[in-house]
Visitor: 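Right, I'll just put the structure down here and ask away after.
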Number of protein chains: 2
Amino acid sequence: MTGTTAAPGQRADHVRNRRLLLDAATAAFAEHGLDASMGEIAQRAGLAKGTVFRHFASKEDLLAAIMLQLLDRLTRNADRLHRADDAGAALREFMTDGVETLAADRAFCEVIGRPSLQHAEVRDAIDHLCVAVEALTARAREQGAVRGDITGTDIVLLLGGIHQTAAPLLAGEPEAWRRYLALALDGLCATDAGTLPHPPPGHLHFTDPEPS
Amino acid sequence: MTGTTAAPGQRADHVRNRRLLLDAATAAFAEHGLDASMGEIAQRAGLAKGTVFRHFASKEDLLAAIMLQLLDRLTRNADRLHRADDAGAALREFMTDGVETLAADRAFCEVIGRPSLQHAEVRDAIDHLCVAVEALTARAREQGAVRGDITGTDIVLLLGGIHQTAAPLLAGEPEAWRRYLALALDGLCATDAGTLPHPPPGHLHFTDPEPS
DNA sequence: GTTGAAGATGACCGACGGGTCACGTTGAGC
DNA sequence: GCTCAACGTGACCCGTCGGTCATCTTCAAC
C-alpha cells in the first residue's frame with residue numbers, strides 16, 4: 001500500500017474521472033433526457049470527448065451505468081423499508097422517495113418506455129426492483145393497507161405515471177407531484193372498490209422486443 | 001363552381017397534399033414522438049421533402065398543426081359530454097376516450113411537458129381544453145361523483161399520467177391503460193379521503209417560460 | 001529519475017436532420 | 001390549347017452528434 005490510494009490495477013485519475021463522468025452524465029440526462037449529448041457531458045465533467053468513450057464504449061453504455069445507479073438506489077430503499085412494521089406507511093415512503101427522485105430525472109421515464117434500448121443488465125435491475133417492491137407490496141396487501149390486486153410492478157409503473165402527471169407543472173410548481181401521489185395512494189387504498197378491469201402486469205419485458 | 005372542387009384560391013392538389021401530410025405526420029409523431037424526421041414524414045406522404053416545407057414553415061409549425069387537431073378533438077368531446085345527465089359517467093367516458101387516444105400517440109406527452117416548444121395557438125388550445133373539461137368536472141363535483149378539490153386541469157394532466165403509467169406495457173398489453181385508468185378513477189371518487197396535499201394547479205403555462 | 005504502459009486529448013470522420021432554392025411541372029382561368 | 005403563377009421537386013447547405021485514432025501526457029512501479 002502506497003498510502004495515497006490502493007486501487008487494484010487502476011490509476012488514480014482514471015477512478016476520479018469516472019466519478020466526474022458519472023456525475024456529469026447523471027445531471028445531463030436528468031436535465032435533457034436522452035437528448036443530452038456526449039459532448040455536453042464531457043464539457044460538464046471538464047474532460048475531453050474522447051475520454052468519455054475511453055470509459056464507456058457507447059452512449060448506451062453510459063446511460064446503462066446511470067440507470068443501474070438509480071435502479072440500485074431504489075431497490076436498496078425498498079429492501080430497507082421491507083423491515084418496517086407498518087407496511088402501508090413503508091410503501092407510502094417508498095413511493096414518495098421514488099417519485100421525488102424521478103421528479104429530477106427526465107431520462108428514467110424515457111428509458112423505461114423503450115425496452116429496445118435497454119441493456120440486459122438494466123432489464124435485470126428493473127426486474128430486481130419489481131421483486132423488491134413486490135415484497136413490500138405483499139405485506140401491505142396482507143395488512144389491508146392496499147387493495148388485493150395491486151402488485152409490485154404496478155407500484156413501479158405508477159412512479160413513472162405520477163411523475164408524468166405533474167411534469168408539465170414542474171417548472172412552476174416543483175412539488176406538485178405530491179398532489180398526484182396522494183391521489184394515487186387514495187386509489188390504491190380503495191379496498192372497497194371492485195376488482196381492477198385489466199389483469200395485473202406480468203413482466204415488464206417481453207421475450208421478443210419488436211425489431212422496429 | 002366548376003363541379004369538382006370549390007376552394008377559394010387554392011389548387012386542388014395543394015389541398016390534397018396538405019391532407020396527406022397531416023395524416024403522415026400524425027402517424028409519424030404518434031409512432032416516433034418528436035424524433036420523427038421531416039424526411040420520413042415526406043416519404044410516408046409520398047411527397048418530396050421540399051413540399052413539406054412549402055406547407056409548413058418549420059417542424060414546429062407542423063407539430064403545432066397536429067397538436068391542434070388532437071386538442072380540438074378532445075375539446076369537442078368534452079363539450080359534447082357536457083350535456084349528459086350523469087356527470088360522473090360523462091367524465092369517465094371523456095377520460096376513457098382521452099387515454100385511448102393518447103395510447104396511440106407518443107408525441108402528446110412530450111409536447112405537453114415542454115412549454116418552450118409550444119406555439120401560442122397550442123397553448124390557447126390547451127387552455128380551452130382545460131376550460132371545457134373543468135365544466136364537465138364541476139358538474140361531477142356538484143353531483144358528488146368526484147371529490148371536491150379536483151379541477152379540470154387535474155383531469156387533463158391525469159390523461160398523460162395514466163398513459164405514461166401503462167406505456168412500458170404498451171407493446172405487450174395494449175389495453176393495460178384501462179387498469180390504471182380505473183385505479184385513478186377510484187382515487188378521484190374517494191370523497192371520504194382528506195383534502196389533497198398540494199393546491200390544485202392554476203394554469204398550465206407560466207408567463208415566463210425559462211429561456212434555457 | 002527512468003521508463004513503459006495506461007490514460008487523456010481534440011482534430012477528424014461519416015451519418016443524419018432541418019431548412020433552402022433554382023428549376024421543372026401542373027392545374028385553373030381564359 | 002395557351003399562359004402564368006402557384007406548386008412540387010430533390011440536390012444541396014450547414015450544423016450537430018456519436019464515435020475513432022494518432023499523438024501527447026501522466027501516473028506508478030522500480
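Residue numbers start from 1 in every chain, and the chains themselves are labelled A, B, ... in the order their sequence lines are given, proteins ahead of strands. Side chains included, hydrogens not; waters and symmetry mates left out as well; all remaining heavy atoms used.
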Visitor: Within the pair A/N17 and C/dG7, is there a side-chain N or O less than 4.0 Å away from OP1 or OP2?
Guide: no

Visitor: It should be established whether B/K59 places a side-chain nitrogen or oxygen under 4.0 Å from OP1 or OP2 of nucleotide C/dG18.
Guide: yes

Visitor: Separation of B/H32 atom NE2 from C/dG17 atom C1', in whole Å?
Guide: 15 Å

Visitor: Is any side-chain N of the basic residue among A/R73 and A/D97 closer than 4.0 Å to the acidic one's carboxylate O?
Guide: yes

Visitor: What integer distance in Å separates B/L34:CG from C/dG17:P?
Guide: 15 Å

Visitor: Rounded to whole angstrom units, what separation is found between the CD atom of A/Q43 and the C1' atom of D/dT16?
Guide: 14 Å

Visitor: In terms of side-chain heavy atoms of A/R11, which of D/dG18, C/dA5, C/dA28 is nearest?
Guide: C/dA5

Visitor: In this structure, how many angstroms lie between the P atom of D/dC17 and the CG atom of B/D35, rounded?
Guide: 13 Å

Visitor: Can you tell me the distance, in whole Å, between the CG atom of B/L21 and the C1' atom of D/dG8?
Guide: 11 Å

Visitor: Of B/G39 and A/V52, whose nearest nucleotide on DNA chain C comes first from the 5' end?
Guide: A/V52

Visitor: Considering only NZ, NE, NH1 and NH2 on the basic side and carboxylate oxygens on the acidic side, decide whether B/R141 and B/E134 come within less than 4.0 Å.
Guide: yes

Visitor: To the side chain of A/S37, which of D/dG18, C/dG19, D/dG8 is closest?
Guide: D/dG18

Visitor: From C-beta outward on B/A48, which listed nucleotide comes closest to its side chain: C/dG7, D/dG10, D/dG19?
Guide: D/dG10

Visitor: Out of the candidates A/R178, A/E175, A/E173, only one should pair with B/H198 under the side-chain hydrogen bond (donor to acceptor under 3.5 Å, both in side chains) rule; please name it.
Guide: A/E173

Visitor: For B/A42, answer base if it contacts any base atom (sugar-phosphate contacts may also be present), sugar-phosphate if it contacts only those atoms, and nothing otherwise; contact means non-hydrogen atoms under 4.0 Å.
Guide: nothing

Visitor: Which is true for B/T51 with a 4.0 Å heavy-atom rule: it touches a base, it touches only sugar-phosphate, or it touches nothing?
Guide: base

Visitor: So what does B/A36 touch, heavy atoms closer than 4.0 Å: a base, only the sugar-phosphate, or nothing?
Guide: sugar-phosphate

Visitor: Atom CZ of B/F53 and atom P of C/dA22: how far apart are they, to the nearest Å?
Guide: 17 Å

Visitor: Before giving the answer on side chain to side chain donor-acceptor pair (under 3.5 Å), spell out for B/D61 and B/H119 the whole-Å C-alpha distance, their side-chain angles and the decisive distance to 0.1 Å.
Guide: CA-CA 8 Å; B/D61 275 16; B/H119 283 206; 3.3 Å; yes

Visitor: Which one, C/dA8, D/dG19, D/dG8, comes nearest to the side chain of A/D13?
Guide: C/dA8

Visitor: Between C/dT20 atom C1' and B/D61 atom CG, what is the distance in whole Å?
Guide: 16 Å

Visitor: Are A/R123 and A/D127 close enough for a salt bridge, meaning some N to O gap below 4.0 Å?
Guide: no

Visitor: When the distance from CE of A/M38 to C1' of C/dG10 is rounded to whole Å, what number comes out?
Guide: 15 Å

Visitor: Heavy atoms from C-beta onward define the side chain here; which of D/dG18, C/dG18, D/dT9 lies closest to that of B/R54?
Guide: D/dT9

Visitor: Look at B/H55 and D/dG8 and indicate whether a side-chain polar atom (N or O) is within less than 4.0 Å of OP1 or OP2.
Guide: yes

Visitor: DNA chain C: B/K49 or B/R16, which has the more 5' nearest nucleotide?
Guide: B/K49

Visitor: For the pair A/R139 (side chain) and A/L91 (backbone), establish whether a donor and an acceptor sit closer than 3.5 Å, ignoring hydrogens and angles.
Guide: no

